[in-house]
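In what follows, a structure is listed as structure tokens, so that the remarks can point back to it.
In this chain, residues are counted from 1 in sequence order. Just so you know, ligand 1 is whichever comes first in the structure, and atom 1 is the first atom listed for that ligand. As the structure is a computational prediction, the values presented were derived from the model and not from experiment.
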Amino acid sequence: METVKRIAFATDHTAIQIRETIKNYLKDLGYEVLDFDFCGGSCDYPDYALKVAKAVANNEAYKGVLICGTGIGMSIAANKVKSVIAAVCWNEDTARLVAEHNCANIVCLGSRTATVSQICHRIKIFLETPFEERHSKRIEKIKQIEKMESC
Ligand code: RB5
């Protein structure tokens, strides 16, 4: 029997209209969704980037999905957490490449820069694309940077 994979998920207020559609899409793909809901109103994206990043770093979730206006703020914040590689995807190619080349474990998307169907499609590509081992040396070098006290 295949284990259900859990996805840590959060958005800020810019994605309030589309967050349920995206959650349901993930469930339809067969994932369990660990949703860090901001419960209405306005919120600060770093708070939710941190929740998802911690869940991925602590192996409570297999991968993460973060959505803010552009995906950029979420990615900047999530990348502060050790062992997280969060990447913004602008199109289908970058959704594939961040998984294949960069070993990203969190995908960040923009509610103001893409339609909900583009967002869903990019998430699917990201989740279904395996990392290519030939890029391992470069990912190890990223991890080495993480270990440096100052650079
Ligand atoms: C919120 O207005 C907006 O700044 C945020 O969603 C995001 O785009 C930041 O990167």
Side-chain angles (χ1 to χ4, degrees), residues 5-129 131 135 138-139 141-151:
K5 287 182 173 167
R6 187 181 297 141
I7 304 297
F9 173 74
T11 75
D12 72 0
H13 51 280
T14 68
I16 195 158
Q17 311 281 1
I18 58 171
R19 71 188 321 287
E20 284 307 308
T21 306
I22 298 166
K23 265 173 65 180
N24 290 333
Y25 181 77
L26 284 167
K27 287 178 190 166
D28 289 347
L29 289 178
Y31 295 99
E32 189 182 304
V33 180
L34 177 59
D35 182 14
F36 295 100
D37 196 346
F38 62 92
C39 299
S42 178
C43 70
D44 296 328
Y45 61 83
D47 298 339
Y48 292 89
L50 178 61
K51 288 175 197 285
V52 165
K54 274 183 162 176
V56 172
N58 298 335
N59 291 318
E60 288 161 48
Y62 150 75
K63 280 185 183 163
V65 174
L66 284 168
I67 300 172
C68 64
T70 57
I72 295 172
M74 285 290 201
S75 71
I76 292 170
N79 276 313
K80 301 288 181 192
V81 175
K82 199 173 171 185
S83 82
V84 161
I85 299 179
V88 184
C89 295
W90 298 109
N91 51 33
E92 293 176 15
D93 280 344
T94 49
R96 175 178 57 81
L97 287 166
V98 299
E100 217 168 69
H101 287 218
N102 308 116
C103 201
N105 47 16
I106 298 183
V107 68
C108 304
L109 296 141
S111 61
R112 291 174 171 155
T113 59
T115 64
V116 66
S117 108
Q118 287 170 330
I119 288 173
C120 288
H121 194 48
R122 289 174 204 170
I123 291 171
K124 182 174 191 285
I125 292 170
F126 167 75
L127 293 173
E128 292 180 354
T129 304
F131 175 59
H135 299 285
R138 292 154 190 161
I139 305 308
K141 288 191 174 188
I142 293 174
K143 290 182 182 161
Q144 288 305 315
I145 295 172
E146 242 172 24
K147 286 184 192 152
M148 293 175 194
E149 283 183 23
S150 61
C151 32

Of all protein heavy atoms, the one nearest atom 2 (O) of ligand 1 is Arg112 NH1, 3.4 Å
Value for CD1 (Ile16) from CG (Asp12), rounded to nearest 0.5 Å, stands at 10.0 Å
Show the atoms of ligand 1 that are less than 4.0 angstrom away from any heavy atom in Thr70. 8 (O), 10 (O)
Any donor-acceptor pair under 3.5 Å linking the side-chain atoms of Asn24 with those of Thr21? no
By number and element, which atoms of ligand 1 are closer than 4.0 Å to a non-hydrogen atom of Gly69? 5 (C), 6 (O), 7 (C), 8 (O)
If you measure only the distance, is there a donor-acceptor pair under 3.5 Å linking the side chains of Arg19 and Thr11? yes
Which of the atoms of ligand 1 are close to Tyr45, meaning less than 4.0 Å from one of its heavy atoms? 5 (C), 9 (C)
Nearest neighbour in protein (non-hydrogen) for atom 6 (O) of ligand 1: Asp12 OD2, 2.5 Å
Does this structure show an ion pair linking Glu20 with Lys23, if we count only N-O contacts that are shorter than 4.0 Å? yes
Nearest-contact summary for atom 10 (O) of ligand 1 - protein heavy atom, Å: Gly73 N, 2.9 Å
Parallel, tilted or perpendicular, as decided by the 30° and 60° cut-offs, for the rings of Tyr48 and Phe38: perpendicular
Would you give the length of the straight line joining atom OH of Tyr45 to atom CG of Leu50, rounded to the nearest 0.5 angstrom? 13.5 Å
Which is it for Met74 and ligand 1 at heavy atoms under 4.0 Å: side chain, backbone, both or neither? neither
Counting only heavy atoms, which portion of Thr14 has something under 4.0 Å from ligand 1: side chain, backbone, both, or neither? side chain
